[in-house]
Amino acid sequence: MDVKALLDKINKRTPTILGINQFSQFAILVPLIEKEGELHVLFEVRSADLRRQPGEICFPGGRVEKEDPNEAYTAVRETTEELGIDASAVIATAPLDYMVSPFGTVIHPFVGVIKDVPLKPNASEVGEIFTVPLSYFKEQKPDIHNVTFKVEPGKDFPFHHIIGGEDYEWQARHMEEYFYYYEDRVIWGLTARILAHFLELTNN
């Protein structure tokens, strides 16, 4: 294969995240609703019967399925399934920055406006829902705490093939965890980080 043919083959593809096929992809929605003449952010409390993160506060969302045409569709689909509303009740969506997590997932967040319609949360997924005035978050700065991830090579790792061997200085990864507090609620983790990003965009 000559150089031109080789470069043409590469140029015909669209660059993406290296190893993206090994990542699980999820889409979520930051739902906004009007309540008592003011915009509120809606949150879900995950059902206590769920295997992963029961009882934690989150936004509606879920895995991007192969049949979903795009990530925005996934975010709306998951929201309608979890809140028991029709897709027509989500009247506007806008994309936020997507995230590549250190746990092998890509998160595609969107913000959306939900019309004033009755909400019928799916009890198998949602324990309860609550809202917080957007103005409250505008006045609150999150608490930020650092988490450190350390590298632990497996027992069969070939240290004899790398310079430094078992004394190789691995780089530790640091990640910021965000916390918001509202009444007796603790909003933290990925939900709080996406909320902070949304607030940064709207404040600017």
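When a residue number appears, it is its place in the shown sequence, counting from 1.
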**Request:** Could you walk me through whether Asp8 and Lys4 pass salt bridge (charged side-chain N to carboxylate O under 4.0 Å, His left out), step by step?
**Result:** CA-CA 6 Å; Asp8 285 345; Lys4 183 179 183 306; 2.8 Å; yes

**Prompt:** Where do Leu201 and Val111 land on the side chain to side chain contact (heavy atoms under 4.5 Å, CB included) test, with the steps shown first?
**Reply:** CA-CA 11 Å; Leu201 294 178; Val111 60; over 6 Å; no

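Atom-to-atom distance recorded for Gln22:CD and Ile20:CD1 is 10.0 Å, nearest 0.5 angstrom. Leu134 contributes atom CG, which lies 5.5 Å from atom CZ of Phe198 (distance to the nearest 0.5 angstrom). Rounded to the nearest 0.5 angstrom, Leu96 CG and Ile194 CD1 are separated by 7.5 Å. To the nearest 0.5 angstrom, Met99 atom CE is 5.0 Å from Leu190 atom CG. Once rounded to the nearest 0.5 Å, the distance linking CZ of Arg193 with CE of Met175 reads 10.5 Å. Considering CD of Glu44 and CD of Glu128, their distance stands at 11.0 Å, rounded to 0.5 Å.
Closest heavy-atom contact between Leu42 and Ile33: CD1-CD1, 4.3 Å. Minimum heavy-atom separation, Glu81 to Asn122: O-CB, 3.6 Å. When all heavy atoms of Glu82 and Val126 are compared, the pair lying nearest together is O-CG2, 3.7 Å. Nearest heavy-atom pair, Leu29 versus Gly112, reported as atom, atom and distance to 0.1 Å: CD1-N, 3.6 Å. Of all non-hydrogen atoms in Pro109 and Ile107, the two that sit nearest each other are CD-O, 3.2 Å. Minimum interatomic distance between Thr105 and Ser101 (heavy atoms only, all atoms of both residues): OG1-OG, 2.6 Å.
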Which donor-acceptor pairs under 3.5 Å do side chains of residues 54-66 form with protein atoms, sequence neighbours excluded?
residue: Arg63; atom: NH1; partner: Ser24; partner atom: OG; Å: 3.2

Exercise answer: donor-acceptor pairs, residues 162-172 side-chain atoms, under 3.5 Å, sequence neighbours excluded:
none

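Screening residues 131-160 for side-chain hydrogen bond (donor to acceptor under 3.5 Å, both in side chains), with sequence neighbours left out, gives Lys35-Thr131, Glu38-Ser135, His40-Thr131, Lys138-Thr202, Lys138-Asn203, Thr148-His174.
A continuous path of Ile, Leu, Val, Met, Phe, Trp and Tyr side chains, each step under 4.5 Å between heavy atoms, connects Phe159 with Val151, placing both in one hydrophobic cluster. Under a hydrophobic clustering in which Ile, Leu, Val, Met, Phe, Trp and Tyr are joined whenever their side-chain heavy atoms come within less than 4.5 Å, directly or via other members, Phe23 and Phe26 fall into different clusters. At a threshold of 4.5 Å between side-chain heavy atoms, the hydrophobic network of Ile, Leu, Val, Met, Phe, Trp and Tyr places Val45 and Tyr180 in one connected group. Under the 4.5 Å side-chain heavy-atom criterion for ILVMFWY residues, a single connected hydrophobic cluster contains both Leu199 and Val30. Under the 4.5 Å side-chain heavy-atom criterion for Ile, Leu, Val, Met, Phe, Trp and Tyr, Phe137 and Leu39 are members of the same hydrophobic cluster.
Thr191 is listed as a side-chain neighbour of Phe43, based on a closest heavy-atom distance under 4.5 Å. Residues Val117 and Asp86 form no side-chain contact, since every pair of their non-hydrogen atoms from C-beta on lies 4.5 Å or further apart. Residues His108 and Thr74 are not in side-chain contact: their nearest non-hydrogen atoms beyond the backbone lie 4.5 Å or more apart. Put simply, the side chain of Val41 reaches to within 4.5 Å of the side chain of Leu32, judged on heavy atoms. Side-chain contact check for Val132 versus Glu183: every heavy-atom pair is 4.5 Å or farther apart. Looking at heavy atoms from C-beta onward, Pro95 lies in side-chain contact with Phe110 at the 4.5 angstrom threshold.
By the neighbour-count criterion of 12 heavy atoms within 6.0 Å, atom OH of Tyr182 is densely surrounded, having more than that number from other residues, nucleotides or ligands. In Ile10, the CD1 atom is crowded: over 12 heavy atoms of neighbouring residues, nucleotides or ligands sit closer than 6.0 Å.
Phe130 carries Arg185 over the face of its six-membered ring, with the cationic atom under 6.0 Å from the centre and within 45° of the normal.
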